[in-house]
Amino acid sequence: MSEIKKVTLTKEQAAAIERAKERKETHRIVLAAAEKPSGWHNGIYVPLNELSLEKLMSALVNGYEIEATPEEKVRKYYDEIKEMYERYEYDIDDGVLTGVRKTLDLLDIKIEGVNA
């Protein structure tokens with residue numbers, strides 16, 4: 001039997017689905033997705049306009065994961081580099097970590113635990 005794969009949604013899409021579940025309106029978001037291109041014009045359900053009917057249904061039936069933000073991706077990369085060097089008892093490659101911090105500083109981006 002194959003493993004059920006969860007779809008990846010933005011935080012806004014996930015929030016809209018959770019709101020629909022709380023309000024017992026999942027039927028409304030499915031109908032709107034089926035009626036494209038009309039979809040949602042305002043309100044919390046607008047982010048669902050970017051989902052196909054198939055992806056929405058998969059999220060409702062199989063569950064979903066929330067897409068990492070760019071900042072979360074950088075933080076994960078930074079932590080993985082630190083952990084790799086610590087695990088293998090190497091000196092931390094300060095050049096790589098410094099490069100990450102310097103790039104973020106040049107872009108004026110602050111990420112807690114990396115350069116903030």
Side-chain angles (χ1 to χ4, degrees):
M1 188 171 189
S2 64
E3 181 180 333
I4 295 175
K5 185 170 178 156
K6 294 181 178 183
V7 296
T8 302
L9 304 177
T10 65
K11 288 181 182 182
E12 295 80 14
Q13 291 166 338
I17 287 175
E18 291 306 313
R19 181 68 179 258
K21 287 178 180 179
E22 290 169 8
R23 298 172 77 178
K24 299 187 183 338
E25 293 183 338
T26 54
H27 64 287
R28 289 188 65 213
I29 62 175
V30 170
L31 288 173
E35 293 175 353
K36 284 191 178 178
S38 59
W40 301 98
H41 301 290
N42 56 40
I44 189 166
Y45 299 138
V46 169
L48 299 179
N49 289 340
E50 301 300 317
L51 295 179
S52 66
L53 177 60
E54 293 79 15
K55 193 169 181 179
L56 174 61
M57 293 301 296
S58 181
L60 290 170
V61 173
N62 301 324
Y64 57 85
E65 297 174 346
I66 297 176
E67 182 177 77
T69 64
E71 290 82 2
E72 291 167 337
K73 290 176 185 177
V74 170
R75 174 64 191 262
K76 181 180 178 189
Y77 171 73
Y78 187 86
D79 289 343
E80 287 171 353
I81 295 294
K82 278 180 70 172
E83 182 195 341
M84 181 180 71
Y85 283 97
E86 290 169 0
R87 183 182 330 135
Y88 295 108
E89 297 181 4
Y90 297 140
D91 290 332
I92 292 178
D93 186 348
D94 197 42
V96 173
L97 300 179
T98 300
V100 171
R101 288 190 302 266
K102 181 66 175 174
T103 300
L104 292 171
D105 290 342
L106 289 170
L107 296 173
D108 198 27
I109 298 170
K110 300 295 180 196
I111 299 176
E112 189 67 37
V114 178
N115 67 334

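Predicted model only: the values in this text are computed from it and were never measured.
- With sequence neighbours left out, the ring-ring contact (aromatic ring centres under 6.0 Å, His included) criterion links Y64 to no other residue.
- Formation of a donor-acceptor pair under 3.5 Å by the N115 side chain with backbone atoms of I109 is found in this model.
- Looking at every heavy atom in both residues, K11 comes nearest to E72 through NZ-OE2, 3.3 Å.
- Formation of a donor-acceptor pair under 3.5 Å by the K110 side chain with backbone atoms of L104 is not found in this model.
- For the pair R101 and D105, the salt-bridge criterion is not met [side-chain N within less than 4.0 Å of a carboxylate O].
- Residues R75 and V114 approach most closely at CD-CG2, 3.5 Å, considering heavy atoms.
- Remark: side-chain polar atoms of T103 are paired, donor with acceptor, to backbone N or O of G99 under 3.5 angstrom.
- Rounded to the nearest 0.5 angstrom, L9 CG and I66 CD1 are separated by 7.5 Å.
- In summary, K21 and E18 engage in a salt bridge, as defined by a charged side-chain N under 4.0 Å from a carboxylate O.
- Put simply, CD1 on I17 and CG on L51 are 6.0 Å apart, with the number rounded to the nearest 0.5 Å.
- Test R19, Q13, E25 against Y45 for side-chain hydrogen bond (donor to acceptor under 3.5 Å, both in side chains) and you get one pass: E25.
- Annotation: E112, atom CD; neighbour count of heavy atoms from other residues, nucleotides and ligands within 6.0 Å does not exceed 12.
- Residues T10 and E67 share a closest heavy-atom pair of CG2-OE1, 3.8 Å.
- One hydrophobic cluster holds both L107 and Y78 under the rule that ILVMFWY side chains link at heavy-atom gaps under 4.5 Å.
- Here the side chains of M57 and V30 are in contact, with some heavy-atom distance below 4.5 Å.
- Around atom CG of L106, more than 12 heavy atoms belonging to other residues, nucleotides or ligands sit under 6.0 Å away.
- Atom NZ in K76 sits 14.0 Å away from atom CD1 in I111 (nearest 0.5 Å).
- Under the 4.5 Å side-chain heavy-atom criterion for Ile, Leu, Val, Met, Phe, Trp and Tyr, V61 and I29 are members of distinct hydrophobic clusters.
- To the nearest 0.5 Å, the span separating NZ on K55 from OG1 on T8 amounts to 6.5 Å.
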